[in-house]
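Numbers restart at 1 for each chain; the letters A, B, ... are given by sequence-line order, proteins then strands.
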Amino acid sequence: MDILAELNPAQRQAVEAIDGPVLILAGPGSGKTRVITHRIAYLIKTVGVSPRHILTVTFTNKAAKEMKARLYQLVSGSVADLTFGTFHSICAKILRQDGKALNIDPRFVIYDRDDQLAIVKRAMQDAELDPKQYAPAAIISAISAAKSQMQTPDNIIKQGRSYFDEVVGRAYERYQKLLEESNALDFDDLLMKTVLLFRKNPEILARYQSRYRHVMVDEFQDTNVVQYELIKQLGAKYRNICVVGDPDQSIYSWRYADLRNILSFEKDFPDAKVVLLEENYRSTKMILEAASSIISVNKQRKAKNLFTQNEPGEPAAIIETYTEQEEARFVVSEVEKLVGGGELSLRDIAVMYRTNAQSRALEEAFIRYGTAYKLVAGTRFYERREVKDVIAYLRFIQNPNDSVSLMRIINTPQRGIGDQTQNRLAAWAKDMGISQYDTLQRIGKSSAHPEHVDKSVHPELVEGPHFSPQTIRTLTAFSNLMVELIGRSKELKLIDLFDLVVERSGYKKYILGEEDGKERWDNVMELRTVAQEYIDLDPSDALTAFLEGVTLVSDVDSLDEAASAVTLITLHQAKGLEFPVVFMVGMEDGILPHFKSLDDPSQMEEERRLCYVGITRAKQKLYFVRAFRRNLMGRSTVSQPSRFLAELPRHLVSTGNNWGKEENQTAPSIYSWNKPSTPAPSSPGRRTNIDLKAGDHVHHIQFGQGVVVNCRPVKDDSEIIVAFAGEVKKLLLSFANLEKVG
DNA sequence: CGAAAGGCTCTTTTT
DNA sequence: GAGCCTTTCG
């Protein structure tokens with residue numbers, strides 16, 4: 001099979017450019033994945049490069065898996081030695097292998113966001129910082145920013161430009177110490193420590209450099225400076241670095257991805273070949289044009305010339321509904337209509353939204369109508385309490401220094417080891433400079449055999465906190481249990497260890513005794529199924545691999561594209577995917593673009609890119625849906641249409657909106673094309689001047705006679721709640737055409 | 001020590 | 001609406 005045959009000239013150029021640095025600027029739908037896989041196939045089959053010399057960094061594990069599967073077909077086998085993975089998983093492997101040079105114990109655990117929160121709170125307490133004054137989440141974010149620039153706590157404090165920097169520096173210092181004591185790394189550490197390892201140990205770096213003669217990076221626009229440095233380190237010897245990206249799809253700056261990476265690549269590698277992939281194979285002409293016109297509003301960008309030979313297609317539909325419930329109902333009924341035609345299946349359709357909270361109303365509607373859907377990352381599986389609990393037990397077994405896990409399991413299920421006891425234990429451990437687990441074991445020993453404690457070696461034991469005999473018994477029992485489990489973990493198969501843990505810890509009984517215990521236990525069993533996948537590895541490797549797997553999974557990784565169901569997904573997660581039909585819901589100022597971005601031009605541009613990413617996922621048909629009224633954090637708010645809608649040329653959209661007419665509740669059409677800031681002209685002939693109050697009798701053309709229950713002003717309008725015979729309706733005064741009677 | 005209840009504060013995106 | 005924290009009571 002000729003690897004080059006099915007490529008266009010630009011794609012072919014990208015595939016054949018195998019010597020030296022290459023920058024591929026790939027528009028959406030331009031065959032980027034195809035280029036990467038064909039390039040690898042070309043290296044192996046045509047050039048004769050051994051698969052073990054090729055490293056490919058992808059954005060998600062899913063992308064890695066898919067490319068590997070594709071390559072398996074292209075080069076018929078021989079893909080086992082290829083290295084594929086995300087930055088984080090690749091770094092974790094390197095650090096388990098060679099982290100010892102940086103004093104990193106290979107049994108380290110990886111702390112996720114929740115773990116970070118737990119430990120940063122403790123760090124702030126130790127550093128005497130008030131969590132009310134400085135939000136722990138903000139501190140985490142600042143620490144992450146620092147790590148993404150390879151900054152140490154010292155750096156932050158020294159160059160401290162503000163008091164906040166100093167606060168961050170102090171928290172960061174203690175935070176890092178706690179991580180070290182727990183033998184844990186956070187996500188940023190995985191990257192930073194790897195770069196540090198290579199900086200300090202050129203001989204280790206040299207090994208990786210000679211292995212990876214060809215380095216490829218996908219989604220390069222979303223890398224941070226540390227990731228870029230890592231790539232430069234690895235590729236320094238052979239300089240065969242190929243990065244692929246699209247600045248217009250950069251949507252992770254809040255995670256400290258740095259767009260400058262892609263912009264400065266040509267400066268760092270002046271001999272880089274630059275290939276532009278501008279032909280779109282995915283979308284209709286109208287969809288592509290819609291996407292282009294929106295993204296071209298951004299100032300911080302280079303113009304591109306995207307084109308497609310696809311059909312013109314249909315204009316995008318703009319639908320206005322009254323509430324988010326109605327928005328969801330519209331989506332489901334439209335889905336049913338589309339699928340009813342027989343040409344489309346549910347799996348061809350995706351609903352995309354800015355925030356996870358928006359999925360709720362959609363889910364409810366899908367359930368009510370009995371339409372199958374798959375929610376990418378609903379209540380995230382790995383964030384569920386019962387799943388985290390069991391993982392914490394296993395994590396503690398693998399690494400007894402993991403203090404976050406210890407705190408989680410020490411009284412779950414309740415054993416009578418409350419906050420007081422835990423605090424004293426922690427304080428005592430800190431005084432002695434040993435881990436809490438060691439402290440626990442000493443309590444166990446001293447109570448069981450007090451005469452065996454060598455008080456000259458450990459005088460602290462005498463002055464330690466005096467626990468009641470009851471407390472000592474419970475602590476001892478817990479300590480003995482953990483010693484037993486840790487002992488058994490060395491010989492038991494992972495799955496047997498799993499069963500032993502939930503049994504012996506009393507966790508199974510505890511969970512099943514809960515209100516929704518059955519459901520929670522099912523989740524534990526689902527986790528068990530995941531553990532089963534590691535059956536072939538020997539016990540200690542299996543545990544490590546399992547724990548790493550569950551921490552570094554991303555939600556899209558588990559998206560089953562074959563399943564016959566509509567996909568509900570955030571715009572961020574949708575990057576890299578495509579669907580024949582896309583609904584973009586919540587097209588409102590405040591949602592997309594998000595409130596948080598309204599007053600910052602560069603954040604606003606990122607919101608626009610997010611919108612662009614959503615639009616360019618669609619192949620055939622695109623819907624923009626907005627609700628006039630939406631519940632946000634428990635309160636109902638009125639919103640204006642997204643300013644991005646006004647950036648669409650008129651001929652690319654159809655606003656023919658018949659939805660909701662029968663209920664006469666449709667929100668006003670307030671688009672004022674190309675003048676986004678102009679408020680709605682109030683339509684003539686509508687009654688906004690009747691004076692209504694609770695208790696008044698009114699008549700509605702459709703619902704008949706009713707009694708006003710409540711009135712409240714809303715922007716330039718009033719919301720009237722009326723009890724009609726049999727049902728209570730919320731109406732907008734200007735649209736309901738109510739008449740006062742009696 | 002722990003369960004229950006009441007009050008508080010958030011607006012986002014995730015490896 | 002929900003998750004977190006504090007308070008109160010058993």
Side-chain angles (χ1 to χ4, degrees), chain A residues 57-64 85-92 110-114 116-118 121 131-132 135-138 140-141 144 147-148 185-191 219 222-224 226-227 250-257 324 352-361 376-377 379-380 382-383 385 411-423 467-468 470-471 474 514 548-557 569-575 586 588 590-598 600 603 606-607 609-611 613-614 630-637 639:
Chain A
V57 186
T58 56
F59 196 70
T60 61
N61 296 301
K62 180 169 183 276
T86 62
F87 274 106
H88 292 91
S89 65
I90 288 166
C91 288
I110 301 167
Y111 275 1
D112 67 12
R113 176 127 196 134
D114 280 358
Q116 281 184 292
L117 210 53
K121 280 182 191 155
K132 290 230 171 73
I140 291 181
S141 175
S144 177
K147 289 185 177 181
S148 302
L185 301 180
D186 66 19
F187 288 130
D188 298 307
D189 282 339
L190 292 174
L191 309 170
E219 306 284 7
D222 285 321
T223 54
N224 66 29
V226 180
Q227 291 167 330
S250 152
I251 54 176
Y252 283 94
S253 73
W254 51 275
R255 223 168 67 182
Y256 308 105
E324 76 256 48
M352 301 180 185
Y353 38 82
R354 175 68 232 263
T355 69
N356 283 303
Q358 290 171 257
S359 69
R360 175 182 303 254
V376 180
T379 349
R380 306 224 176 89
Y382 291 106
E383 282 169 25
R385 180 164 62 84
N411 202 32
T412 312
Q414 285 95 358
R415 306 184 165 87
I417 306 176
D419 289 346
Q420 290 288 325
T421 309
Q422 286 180 44
N423 287 340
F467 293 116
S468 73
Q470 173 57 40
T471 306
T474 6
E514 299 237 308
E548 191 165 304
V550 301
T551 316
L552 296 182
V553 274
S554 66
D555 297 306
V556 270
D557 291 349
I569 192 168
T570 66
L571 288 164
H572 281 89
Q573 294 167 331
K575 190 180 67 163
E588 295 137 43
I591 305 291
L592 181 69
H594 195 267
F595 293 112
K596 284 270 182 177
S597 308
L598 293 182
D600 178 336
Q603 282 190 56
E606 182 147 319
E607 297 288 311
R609 291 194 291 269
L610 199 49
C611 184
V613 166
R630 181 179 296 274
N631 281 312
L632 293 171
M633 289 206 302
R635 54 161 27 91
S636 177
T637 17
S639 51

Under a 4.0 Å threshold between the charged nitrogen and the carboxylate oxygen, would A:Lys575 count as salt-bridged to A:Glu219?
yes
State plainly whether the residues A:Glu607 and A:Arg354 are in salt-bridge range, i.e. N to O under 4.0 Å.
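Between A:Arg354 and A:Glu607 there is a salt bridge, with a charged N closer than 4.0 Å to a carboxylate O.
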Atom [atom1] of [X] and atom [atom2] of [N]: how far apart are they, to the nearest Å?
| X | N | atom1 | atom2 | result |
| --- | --- | --- | --- | --- |
| A:Arg354 | B:dT12 | CZ | C1' | 5 Å |
| A:Glu383 | C:dG3 | CD | P | 11 Å |
| A:Met633 | B:dT9 | CE | P | 12 Å |
| A:Asn356 | B:dT14 | CG | C1' | 9 Å |
| A:Asp600 | B:dT12 | CG | C1' | 14 Å |
| A:Leu632 | B:dT12 | CG | P | 10 Å |
| A:Glu548 | B:dT15 | CD | P | 15 Å |
| A:His88 | B:dT14 | NE2 | C1' | 10 Å |

Should [X] be listed as having a side-chain N or O under 4.0 Å from OP1 or OP2 of [N]?
| X | N | value |
| --- | --- | --- |
| A:Thr570 | B:dT14 | yes |
| A:Arg360 | C:dA2 | yes |
| A:Gln573 | B:dT14 | yes |
| A:Gln358 | B:dT12 | no |
| A:Lys121 | C:dC5 | yes |

Centroid distance below 5.5 Å plus an interplanar angle below 30 degrees: do A:Phe87 and B:dT15 meet both conditions?
no
Ignoring the backbone of [X], work out which of [options] is nearest its side chain.
| X | options | value |
| --- | --- | --- |
| A:Phe187 | B:dT12, B:dT15, B:dC10 | B:dT15 |
| A:Thr421 | B:dT13, B:dC1, B:dG2 | B:dC1 |
| A:His594 | B:dT13, B:dT14, B:dT11 | B:dT11 |
| A:Trp254 | B:dT15, B:dT11, B:dT13 | B:dT13 |

Can you check whether A:Ser144's main-chain N or O pairs, donor with acceptor, with A:Ser148's side chain at less than 3.5 Å?
yes
Donor-acceptor under 3.5 Å (A:Asp222 side chain, A:Ile251 main chain)
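A pair under 3.5 Å: yes.
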Does the plane of the ring in A:Tyr252 sit parallel, tilted or perpendicular to the ring in A:Phe59? Use 30° and 60° as the thresholds.
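The arrangement is tilted - the two ring planes meet at 30° to 60°.
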What's A:Asn411 touching, base or sugar-phosphate or nothing? Going by heavy atoms closer than 4.0 Å.
sugar-phosphate
Looking across every strand, which nucleic acid part, if any, lies under 4.0 Å from A:Leu610 by heavy atom: base, sugar-phosphate, or nothing?
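The residue A:Leu610 makes no contact with any strand.
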Considering residues at least two apart in sequence or located in another chain, which fulfil the side-chain hydrogen bond (donor to acceptor under 3.5 Å, both in side chains) criterion with A:Asp189?
A:Lys147, A:Gln176
Using Watson-Crick or G-U wobble geometry with both distances under 3.5 Å, which nucleotide pairs with B:dT11?
none
Which residue lies more 5' along DNA chain B, comparing A:Glu607 with A:Gln422 via nearest heavy atoms:
A:Gln422
A:Asn61 or A:Arg635, whichever maps to the more 5' nucleotide of DNA chain B:
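Looking at the nearest nucleotide for each, A:Arg635 comes out on the 5' side.
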Spacing of the P atoms in C:dC4 and B:dT13 (rounded, Å):
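The answer is 15 Å between these two P atoms.
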